[in-house]
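Single-structure report; data block below.
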Amino acid sequence: MLKIGPYEVESRLLLGTGKFENLDLQAAAVEASGTEILTFALRRVNLERPEPDALAHVDRSKHRLLPNTAGAKTAEEAVRLARLARASKLSDMVKVEVIGDDETLLPDPVGTLEATRQLVDEGFIVLPYTSDDPVLAQRLEEAGAHAVMPGASPIGSGQGILNPLHLKLIICRAKVPVIVDAGIGSPADAAAAMELGADGVLLNTAVSGAKDPVGMARAMNWAVKAGHLAYQSGRVPKKETASASSPTAGLLD
Ligand SMILES: CC(=O)[C@@H](O)[C@H](O)COP(=O)(O)O
């Protein structure tokens, strides 16, 4: 089980709901992914209505919502969006996204930390999207984040894991769940994140932008499970020399 604050889910795949060609395709991909946590940009939702239009076709009884503050450029904006989401009864769990650079969409570390502190103080379950900086991830955890979400590579880039060493450091040091977020391009990337020991993976573009989003959602579902099982099973150490797979020592003549 993946436990984030008070919430427990079985699936370790978190799915973004943006950029699907239509809402039927989005709902079918969500179903195939097996995800239990769906993220969506608060800016895309009419907060005066209890049901977010962007998720109109998704069976809400099966999914927990993780609104995100995409589009916020300051801590204040992110906090305001999160408060609106809670006031609209969407969720008390929020993915903090404070973007610091329009070209790379990399997070603003100072704003992310400030927003995390403030929202934790206000009783939210806070999942900040962060760069793959191990020091910042630690500061976010100290600020009370319920999970940290380091990017594998820039949002929407599909480049996969650019710095496995940093991700591994974050994973080894964290006492809260680490969910690798953004830049996952293929099931191999998702499995690699899980094999590093991540607690979960959040992705969007790799599924919504695939030729067959439903097939890709299913593949991601399997990849996350396979990667997690592989991590738990313990891979063989890498060696520089060969060793025969069928040793002859000890056999009778
Ligand atoms: C939907 C969401 O939260 C994105 O901002 C997230 O970071 C996913 O990134 P990819 O689209 O690269 O998977």
Side-chain angles (χ1 to χ4, degrees), residues 4 12-21 23 25-26 29-30 33 35-45 52 54-55 58 63-73 77-78 81-82 85 90-91 93-109 111-112 115-116 125-132 137 140 145 147-163 167 170 177-194 198 200-210 213 216-217 219-221 223-224 227:
I4 303 170
R12 292 172 182 274
L13 175 60
L14 289 71
L15 196 66
T17 53
K19 301 196 281 197
F20 284 90
E21 219 170 273
L23 293 182
L25 198 54
Q26 177 206 60
V30 166
S33 74
T35 189
E36 290 159 78
I37 300 183
L38 291 174
T39 188
F40 61 94
L42 283 162
R43 280 181 194 266
R44 287 171 48 225
V45 170
L55 300 176
V58 168
H63 304 98
R64 186 166 290 287
L65 296 185
L66 174 63
N68 67 61
T69 64
K73 292 190 173 172
E77 279 182 85
L81 282 168
L90 280 176
S91 178
M93 185 160 76
V94 65
K95 173 181 159 182
V96 170
E97 224 179 293
V98 179
I99 296 302
D101 178 63
D102 283 340
E103 198 183 350
T104 60
L105 296 181
L106 285 171
D108 177 328
T112 303
T116 298
I125 308 303
V126 186
L127 294 79
Y129 161 61
T130 171
S131 63
D132 58 13
L140 290 165
V148 287
M149 308 182 85
S153 51
I155 296 173
S157 70
Q159 292 211 38
I161 299 172
L162 293 182
N163 196 333
L167 279 187
I170 293 172
V178 177
I179 296 163
V180 174
D181 176 12
I184 295 292
S186 70
D189 298 335
M194 296 307 291
V201 167
L202 189 154
L203 56 90
N204 190 152
T205 308
V207 166
S208 62
M216 188 58 80
M220 289 295 187
N221 183 358
V224 168

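Any value given below was found using the heavy atoms of this structure, including those in side chains, with hydrogens, waters and symmetry copies removed. Counting starts at 1 for both ligands and their atoms, in listed order.
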query: Of Thr205, Ile155, Asp181, which has the heavy atom at the shortest distance from atom 6 (C) of ligand 1?
result: Asp181
Ligand 1-proximal atoms of Thr39, by part, heavy-atom distance under 4.0 Å: side chain
statement: A student comparing Leu105, Asn204, Ile184, Leu127 should find that the heavy atom closest to atom 1 (C) of ligand 1 comes from Asn204
- prompt: In Å, rounded to the nearest 0.5 Å, how long is the span from CD of Glu36 to CG of Leu66?
  reply: 13.5 Å
task: Show which atoms of ligand 1 fall inside a sub-4.0 Å distance from at least one heavy-atom site of Leu203.
output: 13 (O)
- line: When rounded to the nearest 0.5 Å, the distance separating CG of Leu14 from CG of Leu203 is 8.5 Å
statement: One should read off an interatomic distance between Leu38 CG and Ser91 OG, to the nearest 0.5 angstrom, of 11.0 Å
message: For a quick test of reading the model, state the closest non-hydrogen atom pair linking Ala206 to Met216 and the distance between them.
response: O-CG, 3.4 Å
task: State the atoms of ligand 1, each with its element, that fall below the 4.0 Å cut-off from a heavy-atom position in Asn68.
output: 3 (O)
message: Measuring only between side-chain heavy atoms, which start at C-beta, is Met93 closer than 4.5 Å to Leu127?
response: yes
- prompt: Would Gly18 count as a contact of ligand 1 if the rule is a heavy atom under 4.0 Å away?
  reply: no
- prompt: Just distances here: any N/O of Gly156 and N/O of ligand 1 closer than 3.5 Å?
  reply: yes
Result block: side-chain N/O donor-acceptor pairs under 3.5 angstrom for residues 178-185, not counting sequence neighbours:
unit_1: Asp181; atom_1: OD2; unit_2: Lys95; atom_2: NZ; d: 2.7

- prompt: Going by the order shown, which atoms of ligand 1 are within less than 4.0 Å of some heavy atom of Lys95?
  reply: 2 (C), 3 (O), 4 (C), 5 (O), 6 (C), 7 (O)
- prompt: Would you say Ala206 contacts ligand 1, with heavy atoms under 4.0 Å as the rule?
  reply: no
- request: Taking all heavy atoms of Leu25 and all of Pro213, pick out the closest pair and write down the distance.
  value: CD2-CG, 3.8 Å
message: Under 4.0 Å from a heavy atom of Gly183: which atoms of ligand 1 are those, numbered in the order shown and with their elements?
response: 10 (P), 12 (O)
- request: Nearest heavy atom to atom 9 (O) of ligand 1 wins, so pick from Ser157, Ala190, Gly151, Ala182.
  value: Ala182
- prompt: Who pairs with Asn204 by side chain to side chain contact (heavy atoms under 4.5 Å, CB included), at least two apart in sequence or on another chain?
  reply: Phe20, Ser208
